[in-house]
**Q** 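Pasting a structure below so you can have a look.
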Amino acid sequence: MPPETYDIAVVGGGTAGCFAAAAAARDGLDVALLERKSASEGGHIACGDAIKGTSTFPDVIDREYLREESFTNENIQRARFENPKTGENLDIGFGDASGAVVDRKRYGEVLLEEADRAGADVHYDTVVQDVVQNGAVTGVTATARGSVREFEANIVVDAAGSLSLLQDRTDFEETTFDTNVNYQQFCSAYREIVEVPEPVEWHDAIVFKPASELGYLWYFPRTPTEINVGLGFQMNKPPMKLVEELKRDLRTRPEFEDATVKDKLGAALPTRRPYDSAVAPGYIAVGDAAGHVNPCTGGGIPGAAK
Ligand SMILES: Cc1cc2nc3c(=O)[nH]c(=O)nc-3n(C[C@H](O)[C@H](O)[C@H](O)COP(=O)(O)OP(=O)(O)OC[C@H]3O[C@@H](n4cnc5c(N)ncnc54)[C@H](O)[C@@H]3O)c2cc1C
């Protein structure tokens, strides 16, 4: 197959890739958005689902549509910090502001729809395997439903998330791109979506508790009966048994008796400072691929959107 030519090839249809693709397409550029997942799996991404709101999101997408479709709990008024040593809770109110918890799959689907509506060509089932490089990066190769495809572009946007494969494939010698990256600067995280029989009392709170290693457990209510429960820890020690620790903690909480697990997913996320430089000739990394995550909270959606 001859190469397909675009102004911009965005690799990864998560938050960073969709906003980048929508922004470039709205500027009149020809954009390919390459996503390894199928159209039905697109947007299904491991996340705690907690965000402040859409007000800081660039308006290259319909933010109101995103809010209506995916913000399942817009009434988060406080953060609760549990002290496992004393059993006490510290509640910190958000004052006039409020936070939200989203249906992350629907949120991701809407972003993909919006990138498409902005004019980007969204290619699902397209797994980018390599970069094409001749001094500058000039494109990528991918496998798509059994065939090899090449996408030529003036700029490749690496929005492939944490531990991006593209960064293993690109020769950054002679560029400013930050390659001083190692796995200890990442966090390993896991979450379940759990349905509880009765509404939880803390449906207006995001709840945090320290994990046994450097990291925390969270309980974020998507609705009063659908809770995103999870935990993450910094990978500067031998792997922590995330699922076991989560199960242990769930057993101490009466509201999770007779709960049903609806979905499970885990992933790594960067908990380091943003890359000193995330650019090389023909190449720019965004979102998790550029370390744009708040290293204290692990919140990466705002950094990926901007
Ligand atoms: C368990 C967990 C909980 C979290 N909780 C929160 C939270 O509550 N609030 C918050 O703000 N942040 C949270 N984060 C962080 C947040 O999810 C990320 O920072 C954010 O999703 C980053 O967006 P991104 O677009 O850079 O990457 P991603 O969302 O990871 O998207 C990358 C996309 O690239 C695709 N891709 C990867 N490789 C290829 C390839 N080779 N070819 C084609 N496509 C490819 C993937 O399929 C994916 O769609 C959490 C992260 C984890 C792991």
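Order of appearance sets the numbers: ligands from 1, and atoms from 1 within every ligand.
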**Q** May I ask which of Gly108, Gly14, Ala142, Gly161 has a heavy atom nearer to atom 27 (O) of ligand 1 than the others do?
**A**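 Answer by nearest heavy atom: Gly161.
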**Q** Under 4.5 Å between any side-chain heavy atoms of Glu152 and Thr138, yes or no?
**A**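 A side-chain contact is absent here, since even the closest heavy-atom pair is not under 4.5 Å.
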**Q** At under 4.0 Å between heavy atoms, which part of Ala159 makes contact with ligand 1: side chain, backbone, both or neither?
**A** backbone
**Q** What part of Ala304, side chain from CB on, backbone N/CA/C/O, both or neither, has a heavy atom under 4.0 Å from ligand 1?
**A** side chain
**Q** Using side-chain heavy atoms (C-beta onward) and a distance below 4.5 Å, is Asp121 in contact with Tyr6?
**A**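 Asp121 vs Tyr6: side chains touch.
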**Q** Show your working on side-chain contact (heavy atoms from CB on, under 4.5 Å) between Ile61 and Cys18 and close with a plain yes or no.
**A** CA-CA 9 Å; Ile61 61 140; Cys18 289; over 6 Å; no
**Q** Can you pull out the closest protein heavy atom to atom 29 (O) of ligand 1? Residue, atom name and distance to 0.1 Å, please.
**A** Ile45 CD1, 3.4 Å
**Q** Specify side chain, backbone, both or neither for Asn228, according to which of its non-hydrogen atoms lie closer than 4.0 Å to ligand 1.
**A** neither
**Q** Looking at atom 17 (O) of ligand 1, what's its closest protein heavy atom, distance included?
**A**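 Residue, atom and distance for the closest contact: Cys47 SG, 3.6 Å.
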**Q** Relative to the heavy atoms of Trp218, which atoms of ligand 1 are at a distance of less than 4.0 Å?
**A** 1 (C), 3 (C)
**Q** Just jot down the ligand 1 atoms closer than 4.0 angstrom to any heavy atom of Asp49, in number order.
**A** 7 (C), 8 (O)
**Q** Between Thr297 and ligand 1, find which residue part has any heavy-atom pair under 4.0 Å and reply side chain, backbone, both or neither.
**A**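 For Thr297, no heavy atom sits under 4.0 Å from ligand 1.
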**Q** Can you name the closest pair of heavy atoms from Gly42 and Lys105 and give their distance?
**A**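 Smallest heavy-atom distance, with atoms named: O-NZ, 3.7 Å.
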**Q** Grab the two heavy atoms, one from Ala21 and one from Ala120, that are nearest each other, plus how far apart they are.
**A** CB-CB, 4.1 Å
**Q** Report, one line per pair, each donor and acceptor closer than 3.5 Å where one atom sits in a side chain of residues 90-98; sequence neighbours left out.
**A**
from	atom 1	to	atom 2	distance (Å)
Asp91	OD1	Arg80	NE	2.9
Asp91	OD2	Arg78	NH1	2.5
Asp91	OD2	Arg80	NH2	3.3

**Q** Please report which non-hydrogen protein atom sits nearest to atom 47 (O) of ligand 1, along with the residue it belongs to and the distance in Å to one decimal place.
**A** Glu35 OE2, 2.7 Å
**Q** Which of the numbered atoms in ligand 1 are under 4.0 angstrom from any heavy atom belonging to Gly287?
**A**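 Heavy-atom distances to Gly287 below 4.0 Å select 26 (O).
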**Q** Identify the closest protein heavy atom to atom 51 (C) of ligand 1: which residue and atom is it, and at what distance?
**A**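 Minimum-distance protein heavy atom for atom 51 (C) of ligand 1 reads Ala46 O, 3.7 Å.
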**Q** Given Gly232, Ala160, Pro270, Gly300, which one has a non-hydrogen atom that is nearest to atom 37 (C) of ligand 1?
**A**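 Closest candidate by heavy-atom distance is Ala160.
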**Q** Within a distance under 4.0 Å of any heavy atom of Val293, pick out the atoms of ligand 1 and give their elements.
**A** 19 (O)
**Q** Under 4.0 angstrom from ligand 1, any heavy atom of Asn294?
**A**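 Outside the 4.0 Å threshold, so no.
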**Q** Considering only protein heavy atoms, which is closest to atom 22 (C) of ligand 1, and at what distance to one decimal place?
**A**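 Scanning the protein heavy atoms, the shortest distance from atom 22 (C) of ligand 1 goes to Asp288 OD1, 3.1 Å.
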**Q** Does the side chain of Ile227 reach to within under 4.5 Å of the side chain of Val200, using non-hydrogen atoms?
**A**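 The answer is yes, as the side chains (C-beta and beyond) meet within the 4.5 Å cut-off.
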**Q** Would you mind running through ligand 1 and noting each atom that sits below 4.0 Å from a heavy atom of Leu34?
**A** 43 (C), 44 (N)
**Q** Show the nearest heavy-atom pair for residues Gly14 and Ile45, with the distance to one decimal.
**A** CA-CD1, 4.0 Å
**Q** Please state whether Ser162 comes within less than 4.0 angstrom of ligand 1, counting heavy atoms only.
**A**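 In this structure, Ser162 fails to qualify as a contact of ligand 1 - no heavy atom is under 4.0 Å.
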**Q** Could you say whether the N/O atoms of Ala16 and ligand 1 ever approach to under 3.5 Å?
**A**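 Yes, Ala16 has an N/O under 3.5 Å of an N/O on ligand 1.
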**Q** Suppose we measure from atom 9 (N) of ligand 1 to each protein heavy atom; which comes out shortest, and what is that distance?
**A** Ala50 O, 2.8 Å
**Q** May I ask you to check whether Arg191 has an N/O atom sitting below 3.5 Å from an N/O atom of ligand 1?
**A**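 Min N/O separation from ligand 1 is not below 3.5 Å for Arg191.
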**Q** Quick one: which ligand 1 atoms are inside 4.0 Å of a heavy atom on Gly299?
**A** 10 (C), 11 (O), 12 (N)
**Q** May I ask you to decide whether Arg253 forms a salt bridge with Glu82, counting only side-chain N to carboxylate O separations under 4.0 Å?
**A**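 Yes, charged N to carboxylate O under 4.0 Å.
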**Q** Between atom CG of Leu217 and atom CG of Leu242, what is the distance when rounded to the nearest 0.5 Å?
**A** 9.5 Å
**Q** Of the side chain and backbone of Arg36, name the one, both, or neither that has a heavy atom under 4.0 Å from an atom of ligand 1.
**A** both
**Q** Return the closest protein heavy atom for atom 14 (N) of ligand 1 as residue, atom name and distance.
**A**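 In this structure, atom 14 (N) of ligand 1 has Gly298 O, 3.4 Å as its nearest protein heavy atom.
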**Q** Could you name the option among Ser188, Gly48, Gly230 that has the heavy atom nearest to atom 3 (C) of ligand 1?
**A**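 Considering heavy atoms of Ser188, Gly48, Gly230, the nearest to atom 3 (C) of ligand 1 sits in Gly48.
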**Q** Residues in side chain to side chain donor-acceptor pair (under 3.5 Å) with Arg67, at least two apart?
**A** Glu64, Glu74
**Q** Looking only at heavy atoms, is any part of Leu166 under 4.0 Å from ligand 1, and if so is it the side chain, the backbone, or both, or is it neither?
**A** neither
**Q** Taking the six-membered ring for Trp and the full ring for Phe, Tyr or His, determine whether the centres of His123 and Phe151 are under 6.0 Å apart.
**A** yes
**Q** Using a strict cut-off of less than 4.0 Å between a Lys/Arg side-chain nitrogen and an Asp/Glu carboxylate oxygen, indicate whether Asp49 and Arg106 qualify as a salt bridge.
**A**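 A salt bridge is absent here (no side-chain N lies under 4.0 Å from a carboxylate O).
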**Q** Record the part of Val128 in heavy-atom contact with ligand 1 below 4.0 Å; permitted values are side chain, backbone, both and neither.
**A** both
**Q** Is a salt bridge present between Glu245 and Arg248, judged by a nitrogen-to-oxygen distance below 4.0 Å?
**A**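 Yes, this pair counts.
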**Q** Among all protein heavy atoms, pick out the one at the shortest distance from atom 34 (O) of ligand 1; state its residue, atom name and that distance to 0.1 Å.
**A**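 Sorting protein heavy atoms by distance from atom 34 (O) of ligand 1 puts Gly12 CA, 3.1 Å first.
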**Q** For the residue pair Phe177 and Tyr283, categorise the inter-ring angle as parallel (less than 30°), tilted (30 to 60°) or perpendicular (more than 60°).
**A** perpendicular
**Q** Tell me whether the rings of Tyr219 and Phe256 are parallel (<30°), tilted (30 to 60°) or perpendicular (>60°).
**A** tilted
